[in-house]
Amino acid sequence: MSVRRISAIVFASAVMGGCASLYNNAPDRASSEGNPLNSEKMTVAAGDQELKTAVEHGDSQASSRTELDEAISPELKAAAEVARTKLDSPSDHVDDNSNGDVDLWHRLRAGFKLDHDITDPRVKAQLDWYRKHPKYIDRVVKRGSRYLHYIISETEKRGLPTELALLPVVESAFDPFAYSHGRASGLWQFIPGTGKYFGLTQSWWHDDRRDIIESTDAALTYLDRLAKRFDGDYTLALAAYNSGGGTVSKAMRRNRNANRSTDYWSLRLPRETTHYVPKLIALAKIFDKPEDYGVELPALDDEPYFEVVETGSQMDLAQAAELASVDVEEIYLLNPSFNRWATAPDGPHRLLVPKENASTFKVALSKIPAKDRVSWQNYQVVSGDNLSTIARKFSTTTSVIRRVNNLNSDMIRIGQRLMIPSASKSTDEYALSASQRLEKKQSRNRSGSRVNYTIRRGDTFWDIAREHRVTVREVAAWNNMAPGDPLIPGKKIVIWSQASQPKTVASNNRGQAMVRKVGYRVRKGDSLSAIASRFSVNVRDIASWNDLNSARYLQPGQSLVLYVDIRNSP
């Protein structure tokens with residue numbers, strides 16, 4: 001039997017038999033941190049502001065821009081960002097032309113229990129915004145289409161109001177990778193301490209706060225306990241989910257001592273919490289009677305989107321996507337808890353896959369032994385090596401290397417052979433194949449004439465964009481680049497030119513351009529067209545450089561960034 005096979009068997013047996021479950025002891029470890037039901041700490045959630053801003057600006061392609069958890073490995077961060085764009089893409093479960101048949105919305109409404117007749121001005125303000133921006137509802141439905149059936153089913157099992165299934169809209173805009181500056185993560189935006197208290201383990205390999213099943217269970221358990229604490233009042237429970245049970249109790253005591261009502265609408269709470277419940281109530285009112293608010297809900301099938309498949313061992317995520325015949329980003333969207341290129345060695349040994357692909361995945365998986373579900377490197381120790389540096393090199397941990405190779409300590413010797421589990425694909429594959437993404441984006445039909453252009457010495461985004469009557473941002477976006485990226489001679493790019501006679505080569509005087517980044521402060525009476533004329537640039541370019549809505553007025557004192565040819569500037 002080969003060394004590779006022996007080591008693989010040792011690894012598999014160690015993983016399957018030698019690991020105590022992380023889930024069982026997590027609440028005990030967290031108990032010393034205090035009961036979150038009594039907390040007075042505000043949970044700063046990522047929220048839905050990024051999506052709202054994108055809708056307001058008419059950006060149909062923008063996904064969430066919240067930062068990614070630093071625990072996610074660099075090679076997966078690119079994958080996560082690309083997967084986010086798929087959140088806004090329609091799935092097979094979303095039908096823009098509802099035929100009136102019973103769908104998931106009927107089931108959602110059947111479980112509504114909260115008071116929707118609240119006339120508080122805060123609810124009206126939220127309703128007014130949603131009424132003006134119906135595309136927001138369309139986009140959160142598309143994002144939530146993967147998760148809503150499961151979440152609604154779980155609320156029903158517990159006898160909870162199904163309005164709670166809409167809470168991820170408020171918390172994360174249904175972005176499973178959402179991460180706030182307050183360290184809250186996932187659909188339900190758990191902070192580390194609260195997550196641990198409810199059994200959401202966090203390790204180098206994975207973070208259960210982003211796990212769809214585990215985080216939903218924890219969130220509904222938390223909300224149920226909070227509701228019991230506040231005698232079944234879910235508005236108070238929701239406020240406590242956001243700002244802590246202790247914060248709400250203190251506000252109630254303050255009102256009680258002042259002989260004032262202690263209902264949610266009468267309490268003095270943190271600013272974010274005062275808008276938190278009204279936002280959920282407004283959403284529930286719209287999903288209950290969308291026609292009253294000029295909203296047409298895309299029909300959502302009342303059937304599971306995903307199925308849980310037990311893998312029985314660690315699994316390479318790229319390999320799992322191939323076996324299930326789905327894109328890698330779909331695996332990430334359904335299994336966002338994994339920080340690395342594979343599932344955790346210690347489990348959970350399961351993957352969520354689209355329901356229609358589950359049978360294909362199971363059959364293919366049954367034909368692959370556990371030892372072949374990750375790749376292996378036969379590594380020879382060289383001078384200067386230690387287990388930590390080797391683990392970093394192969395994106396694994398020292399504990400895994402020790403276990404696989406039956407090491408009793410971190411001591412290794414020069415020339416020693418180690419078997420190390422490693423990613424089966426290149427980094428580009430785990431970033432969802434950058435070359436394939438680029439080709440797909442460049443091949444998309446757009447307005448204008450397609451020009452295949454090869455970068456030459458002296459080229460700038462500004463010159464190329466001006467020659468083809470497009471914006472710098474457009475040229476960069478079509479080629480998966482940022483406006484500040486260097487243009488390397490010989491690199492091939494695609495331009496969808498708006499010029500009457502598109503050029504495929506640079507102007508002879510291109511190298512003479514003297515483009516500089518200039519800061520400009522808006523003066524009273526300024527307009528985009530006036531500034532564009534003064535600096536010989538395009539209005540659309542100024543808007544794209546500064547993320548401006550060209551239909552809005554500029555404010556005196558506002559700072560702008562311009563890229564101008566100083567030969568033509570005033």
Side-chain angles (χ1 to χ4, degrees), residues 42-66 84 87-88 90 94 96 105 108-109 112 114-145 148 161-175 178 180-181 184 187-189 234-235 238-239 241-243 264-265 267 269-298 300 543 547-553 555:
M42 166 74 68
T43 298
V44 181
D48 63 347
Q49 191 54 49
E50 298 291 346
L51 181 59
K52 280 192 167 185
T53 300
V55 170
E56 287 175 339
H57 292 170
D59 187 351
S60 62
Q61 298 299 319
S63 59
S64 284
R65 293 293 189 268
T66 59
R84 280 174 154 179
L87 281 170
D88 292 321
V94 179
D96 289 327
W105 305 130
L108 176 72
R109 295 171 191 133
F112 280 173
L114 302 186
D115 183 3
H116 294 187
D117 295 326
I118 297 295
T119 57
D120 190 277
R122 290 170 285 177
V123 176
K124 182 179 182 302
Q126 296 293 336
L127 285 169
D128 288 344
W129 190 92
Y130 294 130
R131 187 184 286 111
K132 292 178 183 177
H133 301 91
K135 288 185 178 179
Y136 173 87
I137 300 297
D138 183 63
R139 290 181 69 174
V140 293
V141 167
K142 288 172 181 176
R143 288 181 169 200
S145 62
L148 266 168
T162 50
E163 289 96 339
L164 299 183
L166 300 175
L167 193 58
V169 178
V170 181
E171 288 287 339
S172 63
F174 270 117
D175 178 2
S180 79
H181 63 84
L187 289 181
W188 299 93
Q189 290 290 283
Y234 282 96
T235 56
L238 286 162
Y241 187 91
N242 179 244
S243 62
Y264 165 81
W265 306 99
L267 298 181
L269 293 165
R271 185 176 183 279
E272 181 179 324
T273 311
T274 62
H275 298 289
Y276 187 80
V277 176
K279 189 178 291 187
L280 183 66
I281 295 296
L283 286 166
K285 287 168 74 76
I286 288 173
F287 279 83
D288 191 15
K289 298 178 179 179
E291 64 279 0
D292 290 355
Y293 303 97
V295 173
E296 183 175 353
L297 293 179
L300 198 60
D547 288 327
L548 299 176
N549 183 339
S550 58
R552 293 187 176 182
Y553 292 107
Q555 299 297 322

Passes side-chain contact (heavy atoms from CB on, under 4.5 Å), Leu148 versus Phe174? Steps please.
CA-CA 9 Å; Leu148 266 168; Phe174 270 117; 3.8 Å; yes
Chi angles and distances behind the side-chain contact (heavy atoms from CB on, under 4.5 Å) call for Leu166, Leu280
CA-CA 7 Å; Leu166 300 175; Leu280 183 66; 3.8 Å; yes
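Note on Asp175 versus Arg84: salt bridge recorded, some NZ/NE/NH1/NH2 to OD/OE distance being below 4.0 Å.
Residues satisfying the salt bridge (Lys or Arg N to Asp or Glu O under 4.0 Å) test with Lys124, not counting sequence neighbours, are Asp128.
Atoms CD and NZ, on Glu56 and Lys135 in that order, are 13.0 Å from each other to the nearest 0.5 Å. Taken from CG in Leu164 to CG in Leu114, the straight-line distance is 6.5 Å, to the nearest 0.5 Å.
Pairs of residues two or more places apart, or lying in two chains, that qualify as side-chain hydrogen bond (donor to acceptor under 3.5 Å, both in side chains) and include a residue from residues 272-287 are Asp48-Lys279, Glu171-Tyr276, Asn242-Glu272, Asn242-Thr273.
Using a 4.5 Å cut-off on side-chain heavy atoms (C-beta onward), Trp265 and Pro278 make contact. Here the side chains of Trp105 and Val141 are in contact, with some heavy-atom distance below 4.5 Å. Contact annotation: the side chain of Glu163 approaches that of His116 to within less than 4.5 Å [non-hydrogen atoms, C-beta and beyond].
Side-chain atoms of Thr162 come within 3.5 Å of backbone atoms of Phe112 as a donor-acceptor pair (strictly under, hydrogens ignored). Looking only at distances, no side-chain donor or acceptor of Gln189 sits under 3.5 Å from a matching main-chain atom of Ala45. Side-chain atoms of Arg109 come within 3.5 Å of backbone atoms of Phe287 as a donor-acceptor pair (strictly under, hydrogens ignored).
For Tyr136 and Tyr130, the distance between ring centers is under 6.0 angstrom.
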